Amino acid sequence: MAIRAEGFSWGAGSAAYQVEGAWSQDGKGPSVWDAFTHRRRGAAPLQRLSAAAPPSGDVASDSYRNAGRDLEALGRLGVSHYRFSLAWPRLLPNGTLPASPAGLLYYSRLLSGLRQRGVEPVVTLFHWDLPQRLQDAYGGWQNPALVDLFRDYAELCFTHFGDRVRYWLTIDSPYLVAWHGYATGKLAPGLRSGREAGYRAAHHLLKAHAKVWHLYNDHFRPIQGGKVSIALSSHWIRPLRMTESDIKECQKSLDFVLGWFAKPIFIDGDYPQSMKTYLSAGLPEFTEAEKKFIKGTADFFALSFGATLSFHLVDSDMIFQQQESLSLRPLLYWINSEYNKPEIFIVENSWFVSGSTKLDDFKYMNYLKDFIMDTLKAIRYDGVTVIGYTAWSLMDGFEWLRGYNVRRGLFYVDFQSQAKKLMLKSSGVFYQKLIQDNGFPPHLKIARIYFQACQSVLS
């Protein structure tokens, strides 16, 4: 099954805190994730990972010092695009101007290197690493002041980098940022402030996204011609029993995770009715002017589906006693039906394998195959418009709450080594061949691709 759609984009992705390391180098300010992991460690940050130390992204995959290595890896895969994030505290150490010359130079060189290799940058402005200074001074996303501060940061990025970027993502997985950053405390900044704090943070995240979209649309799009969206993460859920009641509970579950952010942006500027009914006074309200301002602030639907959210960070009370599933195809069909048939860009997808896995990651390769097959079936048989697919991630890195206990990279990283060399895994070989054929070609059986991937790694 091959994709013959003109312009379909195959890519790989990463997030700054997961791979960059150099957490305090060249004047970079601390992020909420630096503070969160150091607090859990209960000691001064270490410059090298040790088996005894609780994990952090202090060094991670060391991408800040190895941009050329990463560019070579992307060229070897043959990807069309690379999704990565800018570290807000690397560019603005205090969260506001002045900007760091070293930070501006690092990302400028990375973007130029991508362009020279014909790789399209897909750039995320905020992938969870809020400057700690803004958390300390304002209380982070609970404070409406963050809306304008985020707008100012985005303006800096559009001004300095927009001539080389056609695809921007404002925020990654606002559900996780708001709910687990401010309500449950599972993720940075680690505040266990309850439901209303989570809803309040989400309210400001939506406003911040909309403000940045309008900034780009009004002042930068006429010159730069790019597109802006927000990366929304989701799970998929099946009814425990095929009854009308259970089916409605599945709809409600999707409303409480994906629809929380997708409905305001893609439909009418307001929260899902199921949330408004179920949560009563706990959910903030948008004014009519705010609804108009938020509605339509995405140029495509950016979807994240995989191990960071599914089965792990969707709270049980948002499952409503139904069954989670790893099926990507029905989720794509549901988004297509629910949100007026948008262009869907899969900006993160994969699962994980054990941290002890090295180059022969055949289990991960099988997950990748199933997800990509689901994507191609949704395109061919269900009439869903998918414009790109992003395997996550380019290389092994810091996996948030799981630290270095799992791996999700197409390239292996030995975290104990000084060099941090990237080594292509079997999944990387497999993905490389799919990219070459623009999907699963009818004349080549999957078993043969598997065999070639295995031979490449084991030889």
Side-chain angles (χ1 to χ4, degrees), residues 125-126 138-155 158 168-179 181-183 195-221 226-234 248 251-304 318 334-345:
L125 291 170
F126 175 65
Y138 298 96
W141 290 107
Q142 292 186 87
N143 193 317
L146 265 288
V147 174
D148 285 326
L149 290 169
F150 185 58
R151 181 242 178 244
D152 294 345
Y153 162 58
E155 184 174 26
F158 294 155
W168 292 96
L169 301 173
T170 56
I171 298 160
D172 182 86
S173 301
Y175 166 85
L176 293 171
V177 176
W179 190 249
Y182 294 86
R195 290 175 176 271
E196 290 191 9
Y199 300 139
R200 188 163 53 249
H203 207 64
H204 298 147
L205 284 161
L206 276 164
K207 289 182 180 181
H209 158 76
K211 195 144 200 175
V212 168
W213 186 90
H214 283 286
L215 167 70
Y216 190 85
N217 192 58
D218 295 344
H219 299 286
F220 291 92
R221 194 194 305 273
K227 296 183 177 183
V228 180
S229 188
I230 181 172
L232 299 181
S233 56
S234 186
K248 286 182 178 179
Q251 173 75 33
K252 188 161 68 173
S253 179
L254 289 166
D255 283 347
F256 272 63
V257 179
L258 179 60
W260 187 1
F261 301 91
K263 183 174 175 287
I265 292 169
F266 288 91
I267 302 297
D268 60 4
D270 202 5
Y271 296 118
Q273 186 58 48
S274 61
M275 292 186 77
K276 295 168 73 172
T277 301
Y278 189 83
L279 299 173
S280 186
L283 197 64
E285 293 184 1
F286 291 115
T287 66
E288 290 303 314
E290 288 169 341
K291 291 176 187 177
K292 291 178 181 178
F293 192 71
I294 293 170
K295 178 184 175 182
T297 56
D299 301 317
F300 55 95
F301 197 113
L303 174 65
S304 173
M318 292 183 183
W334 185 81
I335 291 170
N336 187 62
S337 303
E338 191 81 359
Y339 299 112
N340 299 323
K341 300 183 178 179
E343 287 187 335
I344 301 173
F345 196 151

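Worth knowing before you read on, the calculation uses all heavy atoms, side chains too, and leaves out hydrogens, waters and symmetry mates. Keep in mind that this is a model prediction, so the values were computed, not measured.
- Taking OG1 of T297 as the start and CZ of F266 as the end, the distance is 8.0 Å to the nearest 0.5 Å.
- D299 places no side-chain N or O within 3.5 Å of a backbone atom of S229 that could act as its donor or acceptor partner.
- When every heavy atom of Y199 is checked against every heavy atom of P284, the shortest pair comes out as CB-CD, 3.7 Å.
- Residues S233 and L258 share a closest heavy-atom pair of O-CD1, 3.9 Å.
- Here L232 contributes atom CG and W260 contributes atom CH2; the two are 12.0 Å apart, rounded to the nearest 0.5 Å.
- Partners of K295 by salt bridge (Lys or Arg N to Asp or Glu O under 4.0 Å), not counting sequence neighbours: none found.
- Side chains of N340 and F301 form no contact here, defined as non-hydrogen atoms less than 4.5 Å apart.
- Taking every heavy atom of both residues into account, P272 and G259 meet most closely at CG-O, 3.4 Å.
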- Evaluate the criterion side-chain contact (heavy atoms from CB on, under 4.5 Å) for residue pair H204 and L146; output intermediate values, then yes/no. CA-CA 7 Å; H204 298 147; L146 265 288; 5.7 Å; no
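- In this structure, the side-chain contact (heavy atoms from CB on, under 4.5 Å) partners of Y278, at least two apart in sequence or on a different chain, are K252, F256, F320.
- With rounding to the nearest 0.5 angstrom, the NZ atom of K211 is 14.0 Å from the NE2 atom of H209.
- Among the candidates L205, L215, T170, the single residue satisfying the side-chain contact (heavy atoms from CB on, under 4.5 Å) test with F150 is T170.
- Of the inter-residue distances, the one linking L176 atom CG with I171 atom CD1 reads 12.5 Å to the nearest 0.5 angstrom.
- Here F126 pairs with W141 under the ring pair (Phe, Tyr, Trp, His ring centres under 6.0 Å) rule; sequence neighbours left out.
- Here the CG-CE distance, from D255 to M318, works out to 11.5 Å after rounding to the nearest 0.5 Å.
- Listed by first and then second residue, the salt bridge (Lys or Arg N to Asp or Glu O under 4.0 Å) pairs that reach into residues 258-276 are K263-D268, D270-K276, D270-K291, sequence neighbours excluded.
- Residues forming a salt bridge (Lys or Arg N to Asp or Glu O under 4.0 Å) with E338 (at least two apart in sequence, or on another chain): none.
- In this structure F293 satisfies the ring pair (Phe, Tyr, Trp, His ring centres under 6.0 Å) test together with H214, sequence neighbours excluded.
- Remark: E155 pairs with R151 by the salt bridge (Lys or Arg N to Asp or Glu O under 4.0 Å) rule, at least two apart or across chains.
- Residues F158 and L125 are in side-chain contact: their nearest non-hydrogen atoms beyond the backbone lie under 4.5 Å apart.
- Remark: Y153 pairs with W88 by the ring pair (Phe, Tyr, Trp, His ring centres under 6.0 Å) rule, at least two apart or across chains.
- For F286, the ring pair (Phe, Tyr, Trp, His ring centres under 6.0 Å) partners are H203, Y271, not counting sequence neighbours.
- For R200, the salt bridge (Lys or Arg N to Asp or Glu O under 4.0 Å) test picks out no residue, with sequence neighbours left out.
- The ring of F261 has its center no closer than 6.0 angstrom to the ring center of Y175.
- Taking all atoms of both residues into account, the shortest heavy-atom contact from G140 to Y182 is CA-OH, 3.5 Å.
- The two residues L206 and P264 have their closest heavy-atom pair at CD1-CG, 4.1 Å.
- Between I265 and W213, every side-chain heavy-atom pair lies at or beyond the 4.5 Å cut-off.
- Distance check, rounded to the nearest 0.5 Å: CD1 of I230 to CH2 of W168 gives 15.5 Å.
- Every side chain to side chain donor-acceptor pair (under 3.5 Å) that N217 has, sequence neighbours left out, goes to R221.
- For the side-chain contact (heavy atoms from CB on, under 4.5 Å) test, residues two or more places apart in sequence or in another chain that qualify with T277 are Q273.
- Counting heavy atoms from C-beta outward, V257 and W179 have side chains that stay 4.5 Å or more apart.
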